[in-house]
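Read the numbers this way: they start at 1 and go in the same order the structure lists the ligands and their atoms. For clarity, every value in this text was computed on a predicted model and none was experimentally measured.
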Amino acid sequence: MLLLLSPTRFEAAFLKGRKFNFHGRAGLRGEGWVWLESGIGKVNTAATLAAFAQRRKLERVLLFGIAGMYPDAGLQIGDAALAEKEIQADLGLKDGGMKGMGFPTLVLASGPYHNRFPLDRALTAELSQTLNLSSKTFLTRDLVSENPSEARQLSRRWEADLENMEGAAFAQTCLWMGLKGAELRAVSNMAGVRDKAQWRIKQAVESLERHILRIIEP
Ligand SMILES: O=C(O)c1cccc(C(=O)CC[C@H]2O[C@@H](n3cnc4c(=O)[nH]cnc43)[C@H](O)[C@@H]2O)c1
């Protein structure tokens with residue numbers, strides 16, 4: 001079964017299925033898939049995924065949602081991309097991250113992880129081919145960039161392309177629980193631009209709809 005997660009139900013408004021409630025979160029059951037509203041931010045995402053995955057055998061998990069874009073991402077607003085890796089940029093020292101603190105965030109057989117968490121390579125490659133999407137580096141903080149200068153600084157410091165508030169928690173939880181996870185985001189705005197008049201949320205969600213329906217209704 002494929003588990004689909006999005007931070008909000010608005011990003012998944014196009015999905016049709018049998019409704020259920022999971023610890024106060026909205027859920028839908030479809031043919032071969034389940035969707036769950038994960039909630040915004042890292043803790044909501046990690047807790048929702050872990051609680052749901054604890055009791056079910058999941059083959060694949062896909063987090064999807066909108067995202068902010070950094071200037072040199074090589075994308076346009078409305079474009080979608082897959083995450084090659086996620087960076088948890090608000091963990092550890094501001095510049096040194098967890099390496100600067102001298103110990104890893106997570107230790108698995110595949111190695112120690114500090115601030116960078118890869119998504120599942122095979123699943124991401126499969127989706128990249130199916131959907132004709134590029135893979136980018138995503139950055140996650142519970143905070144959001146509040147001006148273009150802050151966004152540019154984060155992008156350069158971590159060599160990141162897109163910004164969101166959940167992905168690194170999703171990637172870290174997938175690694176820790178041995179889940180094959182991928183992340184798909186559509187650009188709604190330039191990171192650091194707070195003026196919602198410059199956001200294109202509807203366009204971004206329409207992009208998500210095209211790609212997600214392509215996956216669940218091949
Ligand atoms: O009010 C603001 O200034 C503001 C700035 C950035 C994001 C928000 C949101 O309410 C969106 C949070 C939601 O959407 C994802 N998202 C979309 N764009 C961004 C962004 O530029 N930076 C971080 N997250 C973004 C995020 O993953 C959340 O799920 C409001």
Any N/O pair Glu11/ligand 1 closer than 3.5 Å: no
Minimum-distance protein heavy atom relative to atom 5 (C) of ligand 1: Val144 CG2, 3.6 Å
Phe22 and Phe52 aromatic ring geometry - parallel, tilted or perpendicular at 30°/60° bounds: perpendicular
Heavy atom of the protein closest to atom 3 (O) of ligand 1 (residue, atom name, distance): Arg194 NE, 2.4 Å
Pair Lys42-Gln88, side-chain donor/acceptor within less than 3.5 Å: yes
Heavy-atom side-chain proximity of Asn189 to Gln198 below 4.5 angstrom: no
Ligand-residue contact atoms, ligand 1 with Ser188, heavy atoms, under 4.0 Å: 17 (C), 18 (N)
Region of Ala67 that comes within reach of ligand 1 [heavy atoms, distance under 4.0 Å]: backbone
Atom 28 (C) of ligand 1 [closest protein heavy-atom partner, distance rounded to 0.1 Å]: Glu166 OE2, 3.4 Å
Test item, Arg141 contacting ligand 1 (heavy atom, 4.0 angstrom): no
Ile212 side chain near Phe14 side chain, heavy-atom distance below 4.5 Å: yes
Ligand 1-proximal atoms of Lys196, by part, heavy-atom distance under 4.0 Å: side chain
Atom 25 (C) of ligand 1: nearest protein contact (heavy atom, Å): Glu163 O, 3.9 Å
NZ/NE/NH1/NH2 to OD/OE distance under 4.0 Å, Glu183 and Arg185: yes
Shortest protein heavy-atom distance from atom 12 (C) of ligand 1, along with the residue and atom involved: Met165 SD, 3.8 Å
Proximity of Met190 to ligand 1 by residue part, where a heavy atom lies under 4.0 Å: neither
Between Gln172 and Thr105: side-chain donor-acceptor atoms closer than 3.5 Å: no
Atom pair CG/CG of Leu3 and Leu5 - distance to nearest 0.5 Å: 4.5 Å
Connected via hydrophobic side-chain network under 4.5 Å: Met177 and Phe170: yes
Under 4.0 Å to a heavy atom of Pro7 - the qualifying atoms of ligand 1, by number: 29 (O)
Numbered atoms of ligand 1 (with element) below 4.0 Å of Arg185, judged on heavy atoms: 27 (O)
Side chains of Asn164 and Arg141, donor plus acceptor under 3.5 Å: no
Atom 21 (O) of ligand 1: any protein heavy atom closer than 4.0 Å: yes
Pair Arg210 + Glu206, salt bridge at N-O below 4.0 Å: no
Same cluster (ILVMFWY, side-chain, under 4.5 Å), Leu184 and Leu119: no
Side chain, backbone, both or neither: the part of Thr8 lying under 4.0 Å from ligand 1 by heavy atom: neither
Nearest-contact summary for atom 9 (C) of ligand 1 - protein heavy atom, Å: Trp199 CH2, 4.0 Å
Side-chain donor-acceptor contact under 3.5 Å, Glu86 with Thr140: yes
Identity of the nearest option to atom 24 (N) of ligand 1, non-hydrogen atoms only, from Leu139, Asn164, Asp142: Asn164
Top protein contact for atom 16 (N) of ligand 1, by heavy-atom distance: Ile66 O, 3.9 Å
Atom 13 (C) of ligand 1: the protein heavy-atom neighbour that sits closest, reported with distance to 0.1 Å: Ile40 CD1, 4.2 Å
